[in-house]
**Q** 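The structure follows.
One is the number of the first residue; the rest follow in order along the sequence. In this text the structure is predicted, and so the values were computed from the model without any measurement.
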Amino acid sequence: MIQLQSPYDMHLHLRDGDMLQNVAKYTAKYFSGALVMPNLTPPITSIELALGYKERIQNACGDCAFNPLMSLYLTEGLDRSVLEKAKEVGIVFLKLYPKGATTGSESGVSAVLDRQVLEILEVAEKLGFILSIHGESNGFSLEREVEFHPVFRELAESFPHLKIIFEHLSDARSVALVEKYDNLFATLTLHHIALSLDDVLGWGLNPHYFCKPILKTPRDRDALLEVALNAHCKFSFGSDSAPHLKENKECSQGAAGIFSAPLALLGLAELFEKYNKLENLQSFVSDNARRIYGLPKTAKIVKLIKKSTQIPQEFDGIVPLFAGKTLSWSYV
């Protein structure tokens, strides 16, 4: 048996409406909290929208002891007064989307290093906010993350006291960048440490493994897996679980995102056991996040036992990661 104390998911999509009602339970049951992404339609750009969304999430989670950590969608319209009020109500996360880089980024920032954006980040630094970034350009899909490196460098150097999170890091070349700056950290997903581009394209197109940033080479996968298995102190778990209905994945404009919430901890246990690193799973899914983000240790303990679990083909019309496969761990 494995016992995980206070697991946290530091990158989660819950959507809204019926989808929220269907998927929130899968995270709330097995995690103490999660950083919820604000890229709804319309995006969460105000305190009122964030608090309203938080209430809907909590209602969808029922009696589960779960803390949704809310974030504000960074736009050029944010100012000091909004950030000050946000901090007063416990919202200390900003999410920066380069415009057009991923799902729900239509309202994102056109020029990250624009004067107006930098002024917002200067205030955020002074107030102690944490800045999470979808770090991709709009260039060639396999190079988008690396093409964004200069932006991370500029921000890390310009705002040395602003904690910056390199979200869902997917390229082996990005690891050294995170290690270089004291104020730069990163999240890793289950799918980026378990899969490669071959899982999307190698044996026929699998739209359910299409995500952004795109899955990359086996070399990238293996390098990121090594970082996770050793519970590198600058990296924490962020599932980037992103639910889309099956029909929205299997169409000509297939949506980007992989749904992993119901099986995230089981899949991680499978990998960590395979490489004889189970002793590091606690740090990767909890201890690192609590230290990096300043999160509390909670009473929640999630127990996993060595018993096979058959992953369904669908959850509420959503095809999950590892659909139809058998994992060797189960939730108690």
Side-chain angles (χ1 to χ4, degrees), residues 1-2 4 7-9 11-32 34 36-37 57 59-64 66 68 103 168 188-212 215 221 228 237-251 254-274 281 285 300 302-332:
M1 178 185 290
I2 304 171
L4 298 173
Y8 280 94
D9 181 348
H11 187 122
L12 178 68
H13 297 272
L14 289 174
R15 312 305 184 201
D16 212 343
D18 290 343
M19 182 73 81
L20 170 62
Q21 296 299 319
N22 288 337
V23 305
K25 58 190 175 188
Y26 297 118
T27 298
K29 190 172 182 179
Y30 303 117
F31 289 86
S32 291
V36 181
M37 296 297 106
I57 294 170
N59 289 338
C61 292
D63 296 329
C64 291
F66 176 74
T103 304
H168 41 51
L188 292 174
T189 74
L190 172 57
H191 49 274
H192 283 111
I193 66 174
L195 306 175
S196 74
L197 190 57
D198 261 356
D199 293 288
V200 187
L201 300 173
W203 297 275
L205 178 63
N206 184 345
H208 301 288
Y209 284 173
F210 169 55
C211 60
K212 292 184 179 180
L215 295 170
R221 176 202 59 204
F237 176 63
S239 71
D240 194 18
S241 180
H244 293 282
L245 292 175
K246 181 179 180 180
E247 56 264 32
N248 293 331
K249 294 285 288 181
E250 297 179 354
C251 63
I258 296 176
F259 182 56
S260 61
L263 56 103
L265 293 178
L266 303 182
L268 288 170
E270 185 105 345
L271 275 176
F272 277 63
E273 180 189 35
K274 178 180 178 181
L281 185 56
V285 301
K300 180 172 282 189
V302 178
K303 298 178 181 180
L304 309 180
I305 58 172
K306 196 64 187 297
K307 179 182 176 183
S308 63
T309 295
Q310 179 80 22
I311 305 302
Q313 293 290 345
E314 295 183 27
F315 288 90
D316 303 300
I318 307 161
V319 177
L321 179 65
F322 304 143
K325 296 183 179 180
T326 300
L327 300 179
S328 58
W329 291 87
S330 294
Y331 295 112
V332 175

**Q** Classify the ring geometry of His168 against His11: parallel below 30°, tilted from 30° to 60°, perpendicular beyond 60°.
**A** tilted
**Q** Within 45° of the axis and under 6.0 Å from the centre of the six-membered ring of Trp329, does NZ or CZ of Lys306 qualify?
**A** yes
**Q** About how many Å separate NE2 of His191 and SG of Cys211, when rounded to the nearest 0.5 Å?
**A** 4.0 Å
**Q** Do you know which of Arg15, Lys249, His208 makes side-chain hydrogen bond (donor to acceptor under 3.5 Å, both in side chains) with His244?
**A** Arg15
**Q** Do side-chain atoms of Lys300 reach the backbone of Phe31 as a donor and acceptor pair under 3.5 angstrom?
**A** yes
**Q** Can you find a pair of side-chain heavy atoms, one from Phe259 and one from Val23, that are under 4.5 Å apart?
**A** yes
**Q** In Å, rounded to the nearest 0.5 Å, how long is the span from CD of Glu314 to CG of Asp316?
**A** 9.5 Å
**Q** Are any side-chain N or O atoms of Ser330 and backbone N or O atoms of Ser308, one a donor and one an acceptor, separated by less than 3.5 Å?
**A** yes
**Q** Taking all non-hydrogen atoms of both residues into account, name the closest pair between Ile57 and Phe66 and its distance.
**A** CG2-CE2, 4.4 Å
**Q** If you measure from CG on Asn206 to CG on Asp198, what distance do you get to the nearest 0.5 Å?
**A** 12.0 Å
**Q** So which atom in Gly324 and which in Gln313 form the shortest heavy-atom distance, rounded to 0.1 Å?
**A** CA-NE2, 3.4 Å
**Q** Would you mind reporting whether Pro243 and His13 have side-chain heavy atoms less than 4.5 Å apart?
**A** yes
**Q** More than 12 heavy atoms of other residues, nucleotides or ligands under 6.0 Å from NZ of Lys29: is that the case?
**A** no
**Q** So does Asn59 have more than 12 non-hydrogen atoms from other groups sitting under 6.0 Å from CG?
**A** yes
**Q** Taking the side chain as every heavy atom from C-beta outward, state whether Ile311 and Pro320 have any atom pair closer than 4.5 Å.
**A** yes
**Q** Given side chains that start at C-beta, do those of Leu321 and Leu195 come closer than 4.5 Å, heavy atoms only?
**A** yes
**Q** If you measure from OH on Tyr26 to CG on Asp9, what distance do you get to the nearest 0.5 Å?
**A** 15.5 Å
**Q** Show your reasoning for whether side-chain contact (heavy atoms from CB on, under 4.5 Å) applies to Leu190 and Leu271.
**A** CA-CA 9 Å; Leu190 172 57; Leu271 275 176; 3.9 Å; yes
**Q** How many angstroms lie between CD in Glu273 and CG in Leu327, if you round to the nearest 0.5 Å?
**A** 11.0 Å
**Q** Does any non-hydrogen side-chain atom of Leu215 lie less than 4.5 Å from one of His192?
**A** yes
**Q** What heavy-atom pair brings Ala269 and Leu281 nearest, and what distance separates the two atoms?
**A** CA-CD2, 4.0 Å
**Q** Do you know which two heavy atoms are closest between Arg221 and Ile193, and how far apart they sit?
**A** CG-O, 3.6 Å
**Q** Give me the atom names and distance for the closest heavy-atom approach of Asp199 to Tyr209.
**A** O-CD1, 3.6 Å
**Q** Atom OG of Ser196 and atom CG of Leu201: how far apart are they, to the nearest 0.5 Å?
**A** 9.5 Å
**Q** For side-chain contact (heavy atoms from CB on, under 4.5 Å), just list the numbers for Leu304 and Leu266, CA-CA rounded to whole Å, side-chain angles, deciding distance to a tenth of an Å, and then say yes or no.
**A** CA-CA 8 Å; Leu304 309 180; Leu266 303 182; 3.9 Å; yes
**Q** Tell me whether Glu250 contacts the main-chain N or O of Pro207 through its side chain, where contact means a donor paired with an acceptor under 3.5 Å.
**A** no
**Q** Testing the basics here: between Ala24 and Cys61, what is the closest heavy-atom pair and its distance to 0.1 Å?
**A** CB-SG, 4.0 Å
**Q** Flag the pair Tyr331 / Leu265 as yes when at least one side-chain heavy-atom distance between them is below 4.5 Å, and no otherwise.
**A** yes
